[in-house]
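The next block holds one structure in the form of structure tokens; read it before the comments.
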Amino acid sequence: MAQLSNLQLRKNRVRARVGGTAEKPRLTVLISATNVSVQLINDVEGKTLASATTIGKKMTGTLTEKAAKIGEEIAVAAKKAKIKTIVFDRNGRKYAGRLKALADAARKGGLEF
């Protein structure tokens with residue numbers, strides 16, 4: 001059996017407890033070295049309800065600033081989909097820095113979690 005990395009272990013531990021429904025979808029975050037992507041997912045049906053990403057956009061600033069802009073964008077997309085409350089899936093990452101900036105911007109945009 002292959003060894004799992006610490007990130008994969010944390011990710012599995014979080015996903016065991018966090019699941020999204022139609023009323024309260026899961027907001028999952030992927031932060032790479034150059035881009036930020038977020039999705040609102042209904043795990044019951046296996047559908048993505050809304051998403052936002054920096055991929056293919058000409059955004060300037062640091063990755064933390066980009067994450068904050070994506071947090072604002074996902075809040076707007078959630079409002080269009082009539083979603084107010086979500087479950088936050090940090091995807092195994094520690095809640096600090098870029099992830100915190102994204103979450104704060106999403107809260108400022110009207111999402112509750």
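Numbers here are sequence positions counted from 1.
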### Test item: S37 side-chain N/O and V29 main-chain N/O as donor-acceptor pair under 3.5 Å
no

### Query
Mind checking whether I41 and P25 have side chains closer than 4.5 Å, heavy atoms only?
no

### Task
Taking all non-hydrogen atoms of both residues into account, name the closest pair between R93 and I31 and its distance.
NH1-O, 3.5 Å

### Query
Residues in side-chain contact (heavy atoms from CB on, under 4.5 Å) with R107, at least two apart?
Y95, A103, D104, F113

### Task
Please round to the nearest 0.5 Å and tell me the distance separating atom CD of Q39 and atom CG of N91.
10.0 Å

### Message
Counting C-beta onward and ignoring hydrogens, is there a side-chain heavy-atom pair between T34 and L63 closer than 4.5 Å?
### Response
no

### Query
Where do I74 and L27 land on the side-chain contact (heavy atoms from CB on, under 4.5 Å) test, with the steps shown first?
CA-CA 9 Å; I74 197 66; L27 176 70; 3.8 Å; yes

### Inter-residue atom distance K11.NZ - N6.CG, 0.5 Å rounding
14.5 Å

### Task
Determine the minimum heavy-atom distance between A50 and A77, stating which atoms define it.
CB-CB, 3.9 Å

### Query
Got a sec, which residues hit side-chain contact (heavy atoms from CB on, under 4.5 Å) with K24, two or more places apart in sequence or on another chain?
T21, T85, V87

### Task
Output all residues satisfying side-chain contact (heavy atoms from CB on, under 4.5 Å) with E45, sequence neighbours left out; order by chain, then residue number.
N42, K47

### Summary
Nearest heavy-atom contact between A68 and A105 is O-CB, 3.1 Å

### Message
I'd like to know whether D43 forms a side-chain contact (heavy atoms from CB on, under 4.5 Å) with R26, so could you lay out the CA-CA distance, the side-chain angles of the two residues, the decisive distance to 0.1 Å, and finally the verdict.
### Response
CA-CA 8 Å; D43 288 317; R26 174 172 57 100; 2.8 Å; yes

#### Entry: Taking every non-hydrogen atom, the tightest pair across L111 and I83
CD2-O, 3.9 Å

### Query
For residues 40-86, which residue pairs qualify under ring pair (Phe, Tyr, Trp, His ring centres under 6.0 Å), counting only residues two or more places apart or in two chains?
none

### Query
Which residue pairs pass the side-chain hydrogen bond (donor to acceptor under 3.5 Å, both in side chains) test when at least one of the two sits in residues 54-80, sequence neighbours left out?
N35-T54, K57-E73

#### Entry: Worked check of side-chain contact (heavy atoms from CB on, under 4.5 Å) between T48 and L40
CA-CA 6 Å; T48 298; L40 286 171; 6.0 Å; no

### Task
Answer yes or no: is there a side-chain heavy-atom contact under 4.5 Å between R98 and V36?
no

### Query
Okay, side chain of T53, backbone of I55: is any donor-acceptor separation there less than 3.5 Å?
yes

### Query
Taking only residues two or more places apart in sequence or in another chain, which ones pass side-chain contact (heavy atoms from CB on, under 4.5 Å) with R90?
V14, F88, L99

## Note on the structure
Per side chain to side chain contact (heavy atoms under 4.5 Å, CB included), V38 is matched among I70, L30, T28 by I70

